[in-house]
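Values in this document were obtained by computation on a predicted structure and should not be read as measured data. Every chain is numbered from 1, with letters handed out A, B, ... down the list of sequences.
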Amino acid sequence: MDNYNPQEIEAKWQKRWEEAKLFESESAPERKKYYVLEMLPYPSGDIHMGHVRNYTLGDALARYKWMLGYNVLHPIGWDAFGLPAENAAIKHQRHPSEFTFSFIDRMRGQLKRLGFSYDWRREIATCKPEYYRWNQWFFLRMYERGLAYRKKSRVNWCPQCETVLANEQVVNGSCWRHEDTPVIERELEQWFLKITAYAERLLEDMKELVRWPERVLAMQQNWIGKSKGTFVDFTLEGSGEPIRVFTTRVDTIFGCSALLLAPEHPLVEKLITRSSSPAELRAAVERVKASAVRARVEVNLEKQGVFTGFNALNPYSGKNVPVWVANFVLVEYGAGAVMAVPAHDQRDFEFCSAYGLPIPQVIVPRNNEPVDITQGAFVEYGRLVNSGAFSGLTSEEAIDRMTEEAERKGFGQGTVQYRIRDWGISRQRYWGTPIPIIYCEKCGVAPVPESDLPVLLPTNVKFTGRGPSPLSEVAEFVNTRCPKCQGPARRETDTMDTFVDSSWYFYRYTDPKIATVPVNRSEVQYWFPVDQYIGGIEHAILHLIYMRFFTKVMQDIGLVDFPEPVVRLFPQGMVIKDGAKMSKSKGNVVDPTQMCARYGADTVRLYMLFAAPAEKDLDWSDAGIEGASRFLNRVYRLVQRHANRLRAVKSRAGDAIDSGGVSSLTSAERRLLRKTHQTLRHITEDIEGRWHFNTDVAMTMELVNELTDLEPAAEAGEIRPEVHKKSLEYLVLMLSLFTPHLADELWEALGHSEPTLKVQWPQYNPELAAEEEIELPVQVNGKLRARIKVAAGLNEEEIRHLAQRDEKVAAHLNGKQVVRVIVVPQKLVSIVVK
RNA sequence: GCGAAAGUGGCGGAAUUGGCAGACGCGCCAGACUUAGGAUCUGGUCCCGCAAGGGGUGGGGGUUCGAGUCCCCCCUUUCGCACCA
């Protein structure tokens with residue numbers, strides 16, 4: 001018998017699968033479909049273990065659904081635009097597309113070496129004009145609808161990337177790609193997508209996402225950050241100009257002791273001009289502003305502010321409060337100004353304490369317990385005091401009534417505010433989708449006509465890594481004609497954030513070559529929604545919220561007729577080594593390709609599934625993969641030992657043995673079939689539900705142990721060949737989800753000609769899976785005293801007697817009074833004595 | 001600081017609804033085969049104890065016949081958010 005040779009087996013089956021076009025699927029309205037989607041990789045050079053884990057999970061699911069008879073769509077592609085290729089271009093003075101396409105070729109080979117069941121005909125690369133022209137198309141549609149707009153804005157700038165970062169790409173004040181590079185702020189004219197217009201729908205439609213993990217929804221909810229409150233207009237003393245503040249606690253407004261403006265608030269400049277000592281005030285405001293900028297990067301910076309010298313009138317109390325500029329007030333949220341209520345807001349408390357402003361209490365606890373507001377703010381709801389006509393109301397009542405009054409008298413209104421900001425997509429980079437906009441001196445901003453798409457990236461570009469965007473230095477690109485007046489004009493030279501690419505790529509897979517529209521409606525109709533999406537938790541907010549946003553826009557422009565693209569989401573854990581994320585700098589990277597060369601793809605895949613539950617982090621262990629390899633060797637030898645003998649035997653499928661003629665089985669056969677069907681039951685139920693593939697693998701190991709233990713019985717004729725073969729076949733079919741090459745090899749050895757993917761997933765037989773004799777533990781006063789063996793169907797009364805008659809149990813009952821006997825069917829017996 | 005998740009042998013992890021804690025694998029120990037073993041096979045392996053027995057799921061309390069699982073308090077770790085008014 002030959003030894004298990006994964007290299008040979010895997011090459012053989014990959015070739016056959018490809019020749020048989022095994023993983024290619026077409027829409028077929030009469031067939032039930034299943035769309036398995038995995039997050040597409042960035043072509044960074046090599047597949048890493050995180051990808052392998054992600055794709056191994058998807059592959060097991062896809063294979064399972066195939067065997068159940070579904071028409072399965074299982075595609076892959078490349079998230080091919082992005083900074084690393086451009087940075088490499090700067091370093092090596094070669095074009096980013098060279099790196100990108102050679103990396104794609106290399107990584108495609110690595111994925112193929114792993115034998116994943118992709119329909120490679122559907123492969124896409126987002127950096128190809130055939131793809132990115134549709135990014136431009138989407139941009140134009142959004143522009144028409146006012147969803148794409150330009151504004152001058154303060155942006156996060158990463159000095160390392162030399163580009164703008166979206167808010168969500170800033171992690172703890174640093175660039176998400178460069179942990180040690182703090183972002184700085186810059187003012188730039190930028191393109192934005194109006195995701196805020198969809199805030200409510202993004203929130204509302206979460207109700208449909210019942211198969212998404214709670215924590216992802218919680219993160220998104222937090223990110224959208226809806227809060228209900230009231231706008232209140234204070235009046236600037238002297239000029240009478242209104243100053244609007246936003247508050248969620250209008251009930252506390254009688255306790256307001258100052259009005260605080262963000263340093264960037266437009267009124268600040270006016271107040272400086274009108275000030276009696278403008279120079280001094282300007283300098284002070286600049287200091288506050290500087291500390292505010294720092295505070296956005298650092299944490300817990302001290303609250304600072306400066307009094308402007310002006311007062312404003314509180315429309316409820318009729319009292320004047322001083323107007324300050326404060327470093328912790330955000331200009332872009334709410335109204336850019338807040339009322340400071342130190343007794344009932346902790347931040348205001350800290351601020352007012354620092355500057356000696358009064359701290360009047362206007363809320364008392366409902367139960368009238370005293371609170372000490374000299375130590376900190378009382379922030380809970382309660383009952384109003386010292387609040388004029390509103391005194392005595394509860395906070396809830398007061399918020400409603402006071403908001404009503406503001407609306408009636410015209411100095412404010414109820415409002416809903418969101419934390420989410422519009423999505424800035426401009427990047428001062430080359431390797432991305434050009435934004436299809438032309439600037440004409442006469443006509444202003446003009447969108448590129450749809451018939452002129454795509455706006456192609458020029459190829460003759462210098463990558464210096466310095467100065468403005470590379471595109472702005474390519475005259476042939478920049479200089480163009482205005483689509484309206486045909487006069488000379490300039491092109492937009494910024495490119496799009498690559499999150500645009502990944503917001504709709506999964507639609508393109510359904511018909512990746514269609515040249516007339518971004519997505520083929522009838523194909524989408526058939527394949528959507530995505531039944532299962534698998535990927536890293538790190539995309540919980542960014543990618544997964546942009547993707548939802550895009551689908552809603554697509555719904556509005558009539559491309560699709562549903563609001564949510566993904567039914568089920570599974571975020572898998574990271575692959576780590578020695579407790580840390582794998583990274584080149586730490587030198588703890590394990591290369592999947594090397595592991596394939598050493599152990600074979602099946603071993604790598606099995607280990608990925610076995611080492612940890614799929615949603616948890618997986619700590620790579622060299623000893624662990626050895627174990628997986630050893631197991632597959634055992635399986636190979638086990639099946640091959642019997643293959644010759646059993647090849648011609650017809651396994652008993654669907655006949656008396658399977659359909660419940662349990663009494664016709666020998667006890668060894670029963671034992672074997674029980675384990676077989678228990679394993680099948682476990683795996684079937686687990687894939688449909690929990691996704692603890694580690695326990696599925698463990699169960700197949702137990703089955704292999706059982707098959708090994710029963711070999712003497714098989715040799716002695718206590719297990720008929722057709723039963724033995726049946727069990728081995730089921731083992732192979734179950735393993736085919738995890739280790740498909742080995743499974744197909746063994747399936748062939750057992751005398752079959754078709755690949756396991758074409759075989760129907762077996763159904764477990766509950767009667768065969770059931771235990772006939774159960775070992776019941778017996779507890780006396782909560783302590784385990786004995787185990788009794790009883791027939792599975794025995795009634796409670798008989799069990800009760802058997803338990804008490806047991807020798808060891810009786811010894812503990814001796815001389816005591818039995819108070820209670822609890823029989824839990826199938827589980828245990830608990831006897832309480834006094 | 002706020003929010004979420006988690007804490008089980010030497011290690012990765014099982015225990016799906018409150019019911020035999022430690023499945024399965026790694027490691028380790030002993031043995032078999034062997035010129036050899038980083039191959040393979042067999043047996044053992046939570047702790048204390050010769051045993052009977054006792055203890056044990058981060059710590060402390062509680063509910064229950066019975067708690068890894070439920071409740072309260074505390075500790076630790078990871079992740080997310082971090083002046084959002």
Below 4.0 Å: OP1/OP2 of [N] and any side-chain N or O of [X]:
{"X": "Arg785(A)", "N": "G53(B)", "value": "no"}
{"X": "Arg690(A)", "N": "U16(B)", "value": "no"}
{"X": "Ser227(A)", "N": "A85(B)", "value": "yes"}
{"X": "Asn705(A)", "N": "G25(B)", "value": "yes"}
{"X": "Arg419(A)", "N": "C83(B)", "value": "no"}

Fill in: Residue whose nearest RNA chain B nucleotide is more 5′ - Leu776(A) or Asp348(A)
Leu776(A)
Practice prompt. Specify the residue among Arg215(A) and Glu685(A) whose closest nucleotide of RNA chain B lies further upstream toward the 5′ end.
Written response: Arg215(A)
Touch check for [X], heavy atoms < 4.0 angstrom, all strands: base, sugar-phosphate only, or nothing?
{"X": "Ser621(A)", "result": "nothing"}
{"X": "Asp617(A)", "result": "sugar-phosphate"}
{"X": "Val832(A)", "result": "sugar-phosphate"}
{"X": "Gly225(A)", "result": "nothing"}
{"X": "Ala218(A)", "result": "nothing"}
{"X": "His344(A)", "result": "nothing"}
{"X": "Asn694(A)", "result": "sugar-phosphate"}

Selection from [options] that lies nearest to any side-chain heavy atom of [X]:
{"X": "Met701(A)", "options": "C41(B), G19(B), G25(B)", "result": "G25(B)"}
{"X": "Thr695(A)", "options": "A85(B), G19(B), A15(B)", "result": "A15(B)"}
{"X": "Arg634(A)", "options": "C41(B), C81(B), C26(B)", "result": "C41(B)"}
{"X": "Gln779(A)", "options": "G19(B), A85(B), U40(B)", "result": "G19(B)"}
{"X": "Ile822(A)", "options": "G13(B), G19(B), U40(B)", "result": "G19(B)"}
{"X": "Ala698(A)", "options": "C83(B), G27(B), A23(B)", "result": "A23(B)"}
{"X": "Lys303(A)", "options": "C65(B), A85(B), C83(B)", "result": "C83(B)"}
{"X": "His692(A)", "options": "A15(B), G80(B), A4(B)", "result": "A15(B)"}
{"X": "Arg630(A)", "options": "G27(B), G19(B), A85(B)", "result": "G27(B)"}

Please give, in whole Å, the distance from [N] [atom2] to [X] [atom1]?
{"X": "Glu538(A)", "N": "A5(B)", "atom1": "CD", "atom2": "C1'", "result": "17 Å"}
{"X": "Tyr607(A)", "N": "C24(B)", "atom1": "OH", "atom2": "C1'", "result": "14 Å"}
{"X": "Phe631(A)", "N": "U40(B)", "atom1": "CZ", "atom2": "P", "result": "14 Å"}
{"X": "Asp696(A)", "N": "A14(B)", "atom1": "CG", "atom2": "C1'", "result": "12 Å"}
{"X": "Asp686(A)", "N": "C24(B)", "atom1": "CG", "atom2": "C1'", "result": "14 Å"}
{"X": "Ile541(A)", "N": "C79(B)", "atom1": "CD1", "atom2": "P", "result": "14 Å"}
{"X": "Ile537(A)", "N": "A5(B)", "atom1": "CD1", "atom2": "P", "result": "13 Å"}
{"X": "Gln346(A)", "N": "G1(B)", "atom1": "CD", "atom2": "P", "result": "13 Å"}

Is [N] paired to anything, Watson-Crick or G-U wobble with both distances less than 3.5 Å, and if yes, which nucleotide?
{"N": "A30(B)", "answer": "U42(B)"}
{"N": "A85(B)", "answer": "none"}
{"N": "C11(B)", "answer": "G25(B)"}
{"N": "U64(B)", "answer": "none"}
{"N": "A4(B)", "answer": "U78(B)"}

Worksheet item: Are the aromatic rings of Phe192(A) and Trp423(A) close, with centres under 6.0 Å apart?
Response: no
Fill in: Aromatic contact, Tyr316(A) with Phe411(A) (centres under 6.0 Å)
yes
Worksheet item: So, does Arg249(A) use its side chain to make a donor-acceptor pair with the main chain of His344(A) at under 3.5 Å?
Response: no
Item to complete: Give a yes or no on whether the backbone of Tyr599(A) and the side-chain of Thr603(A) come within a donor-acceptor separation of less than 3.5 Å.
Response: yes
Distance between the [atom1] atoms of [N] and [M], in whole angstroms?
{"N": "G13(B)", "M": "G18(B)", "atom1": "P", "result": "24 Å"}
{"N": "U57(B)", "M": "A4(B)", "atom1": "C1'", "result": "22 Å"}
{"N": "G22(B)", "M": "G56(B)", "atom1": "P", "result": "16 Å"}
{"N": "C47(B)", "M": "C11(B)", "atom1": "P", "result": "12 Å"}
{"N": "U78(B)", "M": "G61(B)", "atom1": "P", "result": "28 Å"}
{"N": "C24(B)", "M": "U76(B)", "atom1": "C1'", "result": "29 Å"}
{"N": "C71(B)", "M": "G80(B)", "atom1": "P", "result": "26 Å"}
{"N": "U42(B)", "M": "U34(B)", "atom1": "C1'", "result": "16 Å"}

Discussion item. Distance to the ring centre below 6.0 angstrom and angle to the axis at most 45 degrees; does that hold for Arg419(A) and Trp223(A)?
Written reply: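 Satisfied, under 6.0 Å and within 45°.
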Worksheet item: Does Lys303(A) make a cation-pi contact with Phe351(A) (under 6.0 Å, within 45 degrees of the axis)?
Response: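 No, Lys303(A) does not sit over the ring of Phe351(A).
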Practice prompt. Could you tell me whether Lys675(A) and Glu702(A) make a salt bridge, using a distance below 4.0 angstrom between a side-chain N and a carboxylate O?
Written response: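 Salt bridge present between Lys675(A) and Glu702(A).
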Worksheet item: Less than 4.0 Å between a side-chain N and a carboxylate O, is that true for Arg674(A) and Glu706(A)?
Response: no
Item to complete: Step through the shown structure and confirm whether more than 12 heavy atoms of other residues, nucleotides or ligands are within 6.0 Å of CD on Glu214(A).
Response: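 Not more than 12 within 6.0 Å, no.
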Worksheet item: Which way is the base of G9(B) turned, syn or anti, if we draw the line at 90° from 0?
Response: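 Syn, angle within 90° of zero.
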